[in-house]
Protein chains: 2
Amino acid sequence: MKETTICPRLSKAMELLGKRWTTLILYQLLDGSQRFNEIESALPVSGRLLSERLKELEKEGLVERKVFTDVPVRVEYSLTDKGRALEGAIREVEKWSQTWIN
Amino acid sequence: MKETTICPRLSKAMELLGKRWTTLILYQLLDGSQRFNEIESALPVSGRLLSERLKELEKEGLVERKVFTDVPVRVEYSLTDKGRALEGAIREVEKWSQTWIN
DNA sequence: TACACTTACTTACGAAAAGTAACTAATATT
DNA sequence: AATATTAGTTACTTTTCGTAAGTAAGTGTA
């Protein structure tokens with residue numbers, strides 16, 4: 001990779017948030033804890049990618065995964081403090097989109 | 001594409017902003033008008049992708065392109081009002097990254 | 001007992017996007 | 001004539017994405 005002048009923290013943040021679907025998944029979870037299928041229904045993302053993204057977000061500590069051993073199994077995803085701390089940024093994008101898109 | 005419950009404006013916004021490099025390019029331009037090579041040097045993005053992204057951003061009205069017929073040619077990119085309106089959102093992400101990354 | 005049904009994934013595979021490096025046009029300098 | 005500069009473009013390989021089908025663990029139904 002090239003040498004750059006950009007802040008490594010912002011760079012790393014964008015590496016995560018700049019991936020397709022990541023921000024919309026977080027946006028969806030701002031409404032509260034949700035099951036896999038709920039998120040999948042709310043967004044035009046496939047199970048394959050949703051699974052992949054949720055794993056990344058869990059690994060980076062933005063999302064928490066809870067398994068309930070009901071039948072069939074129930075899995076709930078929610079934001080951690082680190083994830084919820086992005087609410088301000090996400091709301092700003094939401095506001096921008098209402099003003100400038102379409 | 002699937003049916004979703006998410007707001008189409010936010011969805012469209014994220015289709016643009018969620019692409020790799022887009023937000024970092026805008027962040028870079030918050031510093032003011034910059035030439036192609038300046039942006040390329042500041043970010044770990046290749047000329048091929050930078051060119052593609054700048055075209056998209058110009059088409060969507062977030063970035064303006066000005067050609068100066070110096071020798072060799074000079075091209076300057078700057079934010080439009082629509083692009084600059086994203087400053088709040090970008091600064092929020094920047095703040096978040098300073099607090100939570102690393 | 002056998003078979004369908006549910007959720008939360010995983011796998012396989014072709015298509016699209018991204019990374020890398022070499023190349024180009026226009027012109028000015030050496 | 002050869003070299004250098006900027007702002008790209010082209011060709012090619014690798015990575016990521018999208019779609020559809022398959023899986024595991026139980027539970028309900030015939």
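In this text the structure is predicted, and so the values were computed from the model without any measurement. Order of the sequence lines sets the chain letters (A, B, ...), proteins ahead of strands, with each chain counted from 1.
Applying the side chain to side chain contact (heavy atoms under 4.5 Å, CB included) rule to B/Val71 yields no partners; only residues at least two apart in sequence or on another chain are considered. Applying the side chain to side chain contact (heavy atoms under 4.5 Å, CB included) rule to A/Arg9 yields the partners A/Cys7, B/Ser97, B/Gln98, B/Ile101, B/Asn102; only residues at least two apart in sequence or on another chain are considered. For B/Lys82, the salt bridge (charged side-chain N to carboxylate O under 4.0 Å, His left out) criterion is met by no residue, not counting sequence neighbours. Legend: residues meeting side chain to side chain contact (heavy atoms under 4.5 Å, CB included) with A/Asp81, ordered by chain and number and at least two apart, are B/Trp100. Every residue two or more places apart in sequence or in another chain that forms a side chain to side chain contact (heavy atoms under 4.5 Å, CB included) with B/Arg84 is listed here: B/Leu30, B/Leu79, B/Glu87. Applying the side chain to side chain donor-acceptor pair (under 3.5 Å) test to A/Arg74 and every residue at least two apart in sequence or in another chain returns A/Asp70, A/Glu76.
Contacts between residues 66-75 of chain A and DNA chain C, defined by a heavy-atom separation below 4.0 Å, involve A/Pro72, A/Val73, A/Arg74, A/Val75, listed by number.
The distance between atom CD of B/Glu40 and atom P of D/dT9, rounded to the nearest whole Å, is 12 Å.
At least one donor-acceptor pair closer than 3.5 Å links the side chain of A/Glu40 to the backbone N or O of A/Gly47.
Pairs passing the salt bridge (charged side-chain N to carboxylate O under 4.0 Å, His left out) check and including a residue from residues 55-68 of chain A, sequence neighbours excluded, read A/Lys19-A/Glu56, A/Arg53-A/Glu56.
Within the structure, a side-chain polar atom (N or O) of A/Tyr77 is placed less than 4.0 Å from OP1 or OP2 of C/dC9.
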Going 5' to 3' along nucleotides 10-19 of chain C, which nucleotides have protein heavy atoms under 4.0 Å from the base (write B), which only from the sugar-phosphate (write S), and which from neither (write -)?
BBB-----BB
